[in-house]
**Q** 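The following block contains the structure, expressed as structure tokens.
Naming convention: chains lettered A, B, ... in sequence-line order (proteins, then strands); numbering from 1 in each chain.
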Amino acid sequence: MSQTQKVLEVSDLVTQFDTPDGVVHAVNGVSFNLKKGEFLGVVGESGSGKSVTMMSLLRLIPMPPGEIVNGEAVFDDIDLLTLEVDELRNVRGGKIGFIFQDPMTSLNPVLTIGYQIMESLKLHTDTPAKDLEDRAAALIELVGIPDAKQRLKNFPHELSGGMRQRVMIAVALACDPQLLIADEPTTALDVTIQAQIIDIVRDLRDKLGTALIWITHDLGVVAGLVDRVLVMYGGQIVEEAEVNELYAKPQHPYTKGLLGSLPRLDQKGQDLVNIQGQPPSLYTKPSSCSFAPRCEYAYDKCWAENPQLDAISDSHSVACWWDMDNERPRYG
Amino acid sequence: MDERAAEVDVTSNGANSEVLVSVSDIKKHFPITKGLFGRQVGAVRAVDGVSFDIYRGETLGLVGESGSGKSTTGRVILQLDEATEGTVSFENRDLTEMSGSEVRQLRPRMQMVFQNPHASLNPRMTVGTIIGEPLVEHRQSKGDERQARIDELLSLVGLEPKHANRYPHEFSGGQRQRIGIARAIALNPDFIVCDEPIAALDVSIQAQVVNLLEDLQNVLGLTYLFISHDLSMVRHIADRVAVMYLGKIMELADVDDLYNTPKHPYTQALLSAVPVPDPEVEATRRHIILEGDIPSPANPPPGCPFNTRCPIAQDRCHQEVPEFRELASGQWVACHFAE
């Protein structure tokens with residue numbers, strides 16, 4: 001029996017930024033993969049490296065100061081990180097669609113939205129010129145914007161934030177991508193509008209079968225949306241698990257603390273866990289566990305050696321020296 | 001809301017409670033002007049007839065989406081913005097009738113914690129000076145006594161006395177918010193308006209700040225108006241909750257009643273839209289997806305402000321502004337059809 005086909009396989013990605021204050025170690029050896037049609041959530045706080053990881057894949061980080069020091073990212077049998085820029089351009093917006101947080105700055109304000117969708121179709125597909133408008137209108141309809149033909153003539157400023165984000169999704173979907181990367185796509189939106197966008201994305205899964213990476217700081221947003229979750233901290237993946245398992249049985253003290261610090265709409269009276277201290281400084285390359293200074297379980301090994309992501313079951317991996325379930329060191 | 005809402009005791013369930021702040025039918029309209037002479041051509045109805053009481057020692061949560069007027073309501077209560085209409089009383093004294101200097105005398109007793117701890121602290125002042133400034137302004141304590149008070153305040157908010165000599169940029173977002181809180185409690189206030197105090201902070205830091213606010217409330221007997229768009233956090237911290245939409249209050253109730261049995265269709269949709277961090281719960285939850293966007297407060301629809309998105313709207317909703325009525329004990333709703 002053949003294995004489930006992988007769309008993307010990233011191994012040991014290291015990205016740094018050379019700043020006047022020193023080298024920022026933004027991504028420190030990240031490896032993960034994505035199956036065909038799979039929805040993956042990437043959760044982390046600001047500075048955890050979640051956006052830089054995904055933007056490194058398409059070399060969307062400013063270089064310099066940014067530099068991809070190490071790693072491999074195999075997409076569709078090609079390594080994105082060594083690909084010529086000309087060829088990479090065919091991947092960006094073609095086979096991989098990107099949706100950014102702020103739809104106002106990622107749409108061109110002086111072009112109609114119809115033009116911007118058709119531009120993508122012209123560049124990446126061989127749609128005949130006479131069909132471009134119909135195809136653009138169909139995409140707009142797909143993301144739930146009524147009156148599609150009329151809307152194509154609108155400029156971005158004529159639309160609300162939620163509408164603009166839908167247009168961004170339409171642009172990203174224009175070329176039938178195999179993978180859609182969404183970087184905090186609903187963070188700038190109100191909660192009722194966020195619900196609309198999540199509803200559309202869920203719907204797209206049934207219609208298109210695209211794989212999705214959804215980057216967020218909100219553990220709530222991805223809970224009902226994705227199949228698997230990566231938790232990032234200090235530029236590393238600290239835990240990876242199937243979605244139900246991650247929320248039910250978190251194995252990393254950071255994930256556990258994060259879930260405990262979240263108030264829940266459906267519960268009253270729970271105490272919020274205080275994760276003491278601050279997120280780590282990224283100016284030094286981690287030589288020990290970067291969560292150790294904030295961790296209630298930290299012991300001498302955590303200060304000496306940086307734990308690597310290791311599988312504890314088929315559907316669950318964690319980078320931690322402490323076995324919380326058995327209350328003892330994880331190895332030996 | 002109409003005049004009747006202003007006259008009734010909005011929360012008749014609180015039997016033993018003393019009203020600290022009473023807001024009665026306040027409106028705040030920002031003029032839209034045009035042309036050389038600034039002719040007024042319209043108004044943004046940021047707050048359009050809001051009434052509620054805040055009891056001593058409680059936390060009233062004020063929730064709503066962007067543009068609902070919740071922050072403006074907070075600013076009008078503290079007289080940072082002048083109300084276009086309506087009254088705000090603090091211990092039965094009408095603030096809107098007072099002169100500037102009279103309000104200033106009451107200022108030590110009502111304070112504010114701002115959303116953005118990066119913008120609300122002067123970068124050229126040390127933390128000690130920032131926290132001590134209200135003491136200087138209101139001539140409370142001097143010299144060593146003042147320094148001792150600053151040290152005490154720093155330790156109350158979980159910082160150390162040695163931090164007094166540092167500048168805001170040396171602190172993280174969460175620590176800066178602690179400094180903002182220390183400044184707010186410096187004069188021993190009774191009442192604090194917390195305007196989105198955690199919105200700019202990382203998730204793991206939000207709980208730290210909310211726990212601090214709760215501890216301080218217990219120790220100092222504070223009363224909070226907690227303004228937020230984070231409905232999960234409001235459920236955690238608030239005793240009662242008011243839901244705003246387009247400058248009006250849609251529903252006001254005890255926190256458990258509001259979250260367990262929301263009566264207004266907007267509250268129902270709003271709550272159902274908030275994701276719960278639990279995939280098993282999410283798998284079975286019903287999400288009400290509202291159509292369209294919030295209308296502009298410069299051009300609100302006639303009748304019920306929610307009628308453009310309401311799943312149960314009828315003709316009546318497009319003509320008549322619904323009365324703010326008490327549907328169940330202590331649960332107030334502005335909807336013709338809620339039951």
**Q** Tell me which of these, A195(A), P263(A), G277(A), G257(A), has more heavy-atom pairs under 4.5 Å with chain B than the rest.
**A**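 Option with the top pair count is P263(A).
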**Q** Which one of I294(B), L271(B), I289(B), I237(B) has the most heavy-atom pairs closer than 4.5 Å to chain A?
**A**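 Ranked by heavy-atom pairs under 4.5 Å with chain A, first place is I289(B).
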**Q** What part of V273(A) gets within 4.5 angstrom of chain B, counting heavy atoms only: side chain, backbone, both, or neither?
**A**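 Only the backbone of V273(A) comes within 4.5 Å of chain B.
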**Q** Given heavy-atom pairs under 4.5 angstrom as the criterion, report whether the side chain, backbone, both or neither of I275(A) touches chain B.
**A**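 Contact with chain B involves both backbone and side-chain atoms of I275(A).
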**Q** Show your working on ring-ring contact (aromatic ring centres under 6.0 Å, His included) between Y245(B) and H264(B) and close with a plain yes or no.
**A** CA-CA 11 Å; Y245(B) 187 82; H264(B) 197 287; 8.3 Å; no
**Q** Find out whether D227(A) and V243(A) are in side-chain contact, i.e. whether some heavy atom of one side chain is under 4.5 Å from a heavy atom of the other.
**A**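 When only atoms from C-beta onward are counted, V243(A) and D227(A) do not touch, as no gap falls below 4.5 Å.
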**Q** Please indicate whether E158(A) has more than 12 foreign heavy atoms, meaning atoms of other residues, nucleotides or ligands, lying under 6.0 Å from its CD.
**A**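 Count over threshold, so yes.
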**Q** What part of Q194(A) lies closer than 4.5 angstrom to a heavy atom of chain B: side chain, backbone, both or neither?
**A**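 For Q194(A), side-chain heavy atoms alone lie under 4.5 Å from chain B.
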**Q** Taking Q175(B) for its side chain and L159(B) for its backbone only, find out whether a donor-acceptor pair lies under 3.5 Å.
**A** no
**Q** What's the separation between atom CD in E196(B) and atom CG in L201(B), rounded to the nearest 0.5 Å?
**A**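 Spacing of CD (E196(B)) from CG (L201(B)) equals 11.0 Å.
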**Q** Answer yes or no: does atom CG of D314(A) have more than 12 heavy-atom neighbours from other residues, nucleotides or ligands under 6.0 Å?
**A**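 Open: at most 12 neighbouring heavy atoms sit under 6.0 Å from CG of D314(A).
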**Q** Where on D256(B) is there a heavy atom nearer than 4.5 Å to chain A: the side chain, the backbone, both, or neither?
**A** side chain
**Q** So how far is it from D266(A) CG to Y259(B) OH, rounded to the nearest 0.5 Å?
**A** 11.5 Å
**Q** I need the residue from S204(B), A273(B), A269(B) with the largest number of non-hydrogen atom pairs under 4.5 Å to chain A.
**A**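 Result: the option with the highest number of such pairs is S204(B).
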**Q** Only pairs of heavy atoms separated by less than 4.5 Å count here; which of P279(B), S66(B), A207(B) has the most with chain A?
**A**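 Option with the greatest count: P279(B).
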**Q** Do the non-hydrogen side-chain atoms of R264(A) and V281(B) ever get within less than 4.5 Å of each other?
**A**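 Of all side-chain heavy-atom pairs linking V281(B) with R264(A), at least one is under 4.5 Å.
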**Q** Quick check on E214(B) against chain A: is it the side chain, the backbone, both or neither that has a heavy atom closer than 4.5 Å?
**A** neither
**Q** Can you tell me which of L231(B), D278(B), L290(B), L270(B) forms the most heavy-atom pairs within a distance under 4.5 Å of chain A?
**A**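 Ranked by heavy-atom pairs under 4.5 Å with chain A, first place is D278(B).
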**Q** Answer yes or no: is there a donor N or O on one side and an acceptor on the other, between the side chain of E282(B) and the main chain of V276(B), under 3.5 Å?
**A** yes
**Q** Output the option from G292(B), G173(B), G174(B) having the highest count of non-hydrogen pairs under 4.5 Å with chain A.
**A** G292(B)
**Q** Which bit of V210(B) is near chain A, if near means a heavy-atom gap under 4.5 Å: side chain, backbone, both or neither?
**A** side chain
**Q** For each of N211(B), V274(B), N260(B), tally heavy-atom pairs with chain A at distances under 4.5 Å, and name the one with the top tally.
**A**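 Highest number of heavy-atom pairs under 4.5 Å: N211(B).
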